[in-house]
Each structure stands twice: as C-alpha cells, then as structure tokens.
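The structure appears right after this line, and notes come after that.
In what follows, chains are A, B, ... by sequence order, proteins preceding strands, each numbered from 1.
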Amino acid sequence: MKPVRTRFAPSPTGALHVGGARTAFFAWLLARHSGGKFILRIEDTDRERLVPGAISGMIQELKWFGIEPDEGPSHAELLQAGENIEGIPNLGGAYGPYIQSLRGERYRAVAEDLIAKGVCYRCDCTPAMLEQERNEQMARKESPGYSGYCRDRNVSATAKHVVRFRMPFKKTVVLEDAVKGRVVWESAPLKDTVLLKSDGMPTYHLAVVVDDHDMEITHILRGDEWLSSAPIHVLLYEALGWEKPVFAHLPVIKGPNGKKLSKRDGSVNTSVFREDGYLPEALLNFTVLIGWSEGDGTEQEIYTRQDLVEKFSIERISQAGGIFDYGKLAWMNGSYIRALPYEEFHQFAKQRIEKSGFTVPDARLRAIGPLVQERVKVLAEISPMVEFLAEKPVERDLTQIVAKDMTLERASEVLGRAKDLLGSLPSFSHDQIEGALRPLVTEIGAKAGSVFGVLRIAIMGKKVTPPLFESLAALGKEETMARIDQAVPLVSAAAAQP
RNA sequence: GUCUCCAUCGUCUAGCCCGGUCUAGGACACCUCCCUUUCACGGAGGUAACAGGGGUUCGAAUCCCCUUGGAGACGCCA
C-alpha cells in the first residue's frame, strides 16, 4: 500500500472560498486520517486571471483553520512568483516546485512526448476561427467543440500553435469514482481539448495530470464541476502509461437558492467569516458536515478537529450536493463560542471592542463577559452588547419606555424611587441591587419587565441588554447613579410633552 | 442542444450497498409550554419528508426501468 498523498490545488484567482476550503478540509482529513501527506499546489497557469497576493492569502487562510500543508510552495518559490512571504510558513518539499508556473518545462516535455506518440497534435487555428466555428455549431444546434481541422495538417512547431489531444473516435472511457461510483463516457462528443496553450503554459488538463503523477498523489479530491472533464484525464493517464490515482468528486455546496453558492447569497470568502467573528473550528465543523456524515447512528453534530481526523472516511462522502445553511452555521458558531474557556472569550471581546473604537474598563467587561458569551452567535455581536459599559454618553430612545402598563409619568416615578433605593445601598453587589429593586415592582404595580425596562433604557440606553442587576453591578454605583441623574430630567421633560 | 451527475422533513442528514426491526431517526429553523427582569441559555413537547409512475417480491425509502425536477460541463478558465 502506497502512503496516502492528497493535495489541495487552488488557482490563485481570488480569496479562499468556503467551497474550496471544504475541498481542502476533505483532502487534509483524508491525509491525516491515513497518516499520509497533505500537499498544497498552486495552479496558476492562467496568467490573465492571476491575483497578486492570492497564494499567500490561501496559505494564511488554511493556517487560520489550523491546517499547515506538509508540502507546498517554499519561500523561494513564493518570491519567484512575486508573492509576499511575511508571516507565511516556508513549506517546500521533495516534489517541488509546487507552483505550476514554475514547472513549465516539464509540461512542454510531456506535450512533445505526446505529439511524438501521436496522441496529440499541433493546431494553429486562431481564436477568431474557433469562435466562428462555435457560433455556427450553436446556430445549427450542434454541441459546440473543435472540429479537428488541424488533426492531420502537421502544423509546424515553429508556428504559433497550441497542442491538442487527439480524442479517439470511438472509445468508452470508464472512471471508478470513489464517491460517484462507475461513470462511463463515449469519447466521440468529448472533442479535441487544448493541453498546451500558445503561450507555452499548460491548460488545467495537462498540468493536473502531470503534477498529480509527478507528486505521487494517491487520491484526487476535487469539486463535482471537474467530473465532466475527468475522462480527458483518464485518457491522458492511459496514453502516458501512468497509474491512475483514486478520484473522488465532491458534491457541490449550493446557495440557499439551490444554485452554485455566490457572493449574493451571503459571505463566501473564509476571510469574511473570520472578520464577522466565526470561529475556524466552527466553520470547519459545519462545512465538513455538508457532504459528509459519520453515519453510525449517533446524533453528534459538534466534532473537534481530532474527532474528524479519526472518523473521516471517503466512503461516507455523500453524492448529492448540499445547501449552505447560514442559520445552522450561526447556531453552531454560538455553540462553539459558549464552549470557549472564559479567558479566551475575554480576549476576543477585548479585540472586538478595540476595533469598534471605544474603551471599556477591563473590570467592567470581566463582570459582564460571561453573560455576553452565552448570548452571541458571532464575535461581531459583542461590541454592541457591551457598548453600555463604555465611558461615553448614553443615547436613550425614551419612546421605548412606554408599554401597556408603563407611561412616561410612571417611569419618572420609577426612576425617582430607584435613585433613592440604590443610592442608600452600602455596597453595590448583584444581591444588594436585586434586594433593593424587587420591592419596587410591587410598589409601582406594573410588570417586572416594564419596571426594569425603564431602568434599562435610562441607564444603558437599550431595551435589550444583559441581565439588569449584573449590568448595574458591573457599571458600579457611581456610574449608575450618574446615569439615573442624567435620565431623570429627560424623562420628566418627555412626560410633560403633550 | 449534447454529455454527466443528483433526488428522504424548509435546510443538513441517518436509513439504501446486505429489501421486513421505518407507524422513517437526529440536528438547524419554526410553533407551544416551562424557566425568567429584557434578550439569550437550558428543559419539555409539536408541525414537517421517502418527487411521480411502472415493475420485481409474500413484503420496497431500500433492487430495476421510465418520467419529472435540480445541478454541472461543453474555453488557448480553472
């Protein structure tokens, strides 16, 4: 049994997408599960769509998820490709370079070999010719594809040309896919695909086959969208006399509308989820569960990275695509946040507050933090929830005070009484505050929610806040009294309005 | 248009390969109730699915065929 080697092979045309991330997770999980290697390879053969910084970005995003490839672009390679290496691990490995644009010679050599074998041929048709051909085919309602005009023209190697695969006229191509099962194609409609572009760069089809072979990849895990070009790859392996790796085509992740997940559906880039305050463990857990299930009858939904590594298997990958349910992700993320040791949550809270541009004394935050921790689903919700602790003026929407059993007049009374009650407290603990305020409810004769609601608005400026007594205790007596004093005239004035 | 893949609650899925134990299980969401100072958390219930039609069989969510629906591919993009 050969040691397992899997790879994630993104093209650096943008940021890491959750779909791509899940492909990476599956490949990484399989490698870790079987004690094999996980390789990162960059497929940057399209010079036009290349986005500077994308390679470093990919590596950083994977790192955020706690995934560091066993092999991948070294610093030297990154530099050659014009990438930044600051804060980027120096991967490297025995099968490099791991950036395809650095391996051009190898592909060209294989292409020459293929031409010599008669499997491929040179073609000098211009893009304009091809487009016209395609349009005519479409007009005739035929399936579009290259006619094979240059097949036997022996186009000179010195002319500007591409190299095409000579698709057999009649051949049955069979792929035993690890998730889809046996898939069969007839070669005829497959057409003569370009393998080497006129700029000397390989297309995906050539590069992927050559690299997976050269890098001794044993399992190709990739998105469903590649299934239709798999027969080309199978034929290439056969023509080259190379042993095929295991293919596993992963079910797609769809948006809520059932179509391919796109920015319109919500966040798609992992960096955006990070900024919103999703935890990497939660996002990983969630995405892995789209298209994979343990399936032993347990009701488990929350899996640690280690659980996943132990339990993952290619056999349990499902065939049908799944919709990315943002709501369920939010639930799961909240569950991960609640499970955090408080100190960790505290640090996250401090970072978030700092980013929001206000300051909260650490003692105040610490007093209320645990209550906030069980209330947020994403880290971004922390700041608005603790903003009342900041040393800055409170903005109050007094209209929110009014309820079925609460008027502004009565609110004035509530505030006046609360001021007396709280003001005479020797210490400002949760119990003391509750002891003082509880009797006020019966005294006023309104629902507890309404009475305490008045205090929430007056002191914290919001109707929905962490629990009142804890909040006041966190604020401290001095600040609480000051805020009541500020609110009293405002409420009286509002009550006096017609 | 051609090719390929897919099809269990609204969503993620278990069950399907090895038909009976499935009056189809879990989770998210939703609804009700409990807890309760708001919001959450937690707890107890509830609504909700085998796409349709034919076979095969004593028996089908499970096997076969067809239909329908959905998705992807058909580029000197990956």
Using a cut-off of less than 4.0 Å, is there contact between a side-chain N or O of [X] and OP1 or OP2 of [N]?
{"X": "A:Lys377", "N": "B:A29", "result": "no"}
{"X": "A:Thr203", "N": "B:A78", "result": "no"}
{"X": "A:Arg140", "N": "B:G1", "result": "no"}

With a 3.5 Å cut-off and just heavy-atom distances, do the side chain of A:Arg338 and the base of B:C41 make a donor-acceptor pair?
no

Please determine whether any donor N or O and acceptor N or O are separated by less than 3.5 Å between the side chain of A:Lys259 and the base of B:A71.
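No, no donor-acceptor pair under 3.5 Å.
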
So, is the end of the [X] side chain (NZ or CZ) under 6.0 Å from the ring centre of [Y] and within 45° of the ring's axis?
{"X": "A:Arg151", "Y": "A:Phe169", "value": "yes"}
{"X": "A:Arg41", "Y": "A:Phe8", "value": "no"}
{"X": "A:Arg316", "Y": "A:Phe312", "value": "no"}

Among B:U37, B:C76, B:C41, which is the nearest nucleotide to the side chain of A:Arg134?
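Comparing B:U37, B:C76, B:C41 against the side chain of A:Arg134, the answer is B:C76.
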
Residue A:Arg316, side-chain atoms from C-beta onward, closest of B:A71, B:A14, B:C76
B:A14

Side-chain (A:Asp224) to main-chain (A:Pro251) donor-acceptor, under 3.5 angstrom
no

Partner of B:G10 by Watson-Crick or G-U wobble geometry, both contacts under 3.5 Å, or none?
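Pair assignment: B:G10 / B:C28.
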
Just call it for A:Lys463: base, sugar-phosphate, or nothing, with non-hydrogen atoms closer than 4.0 Å on any strand.
base

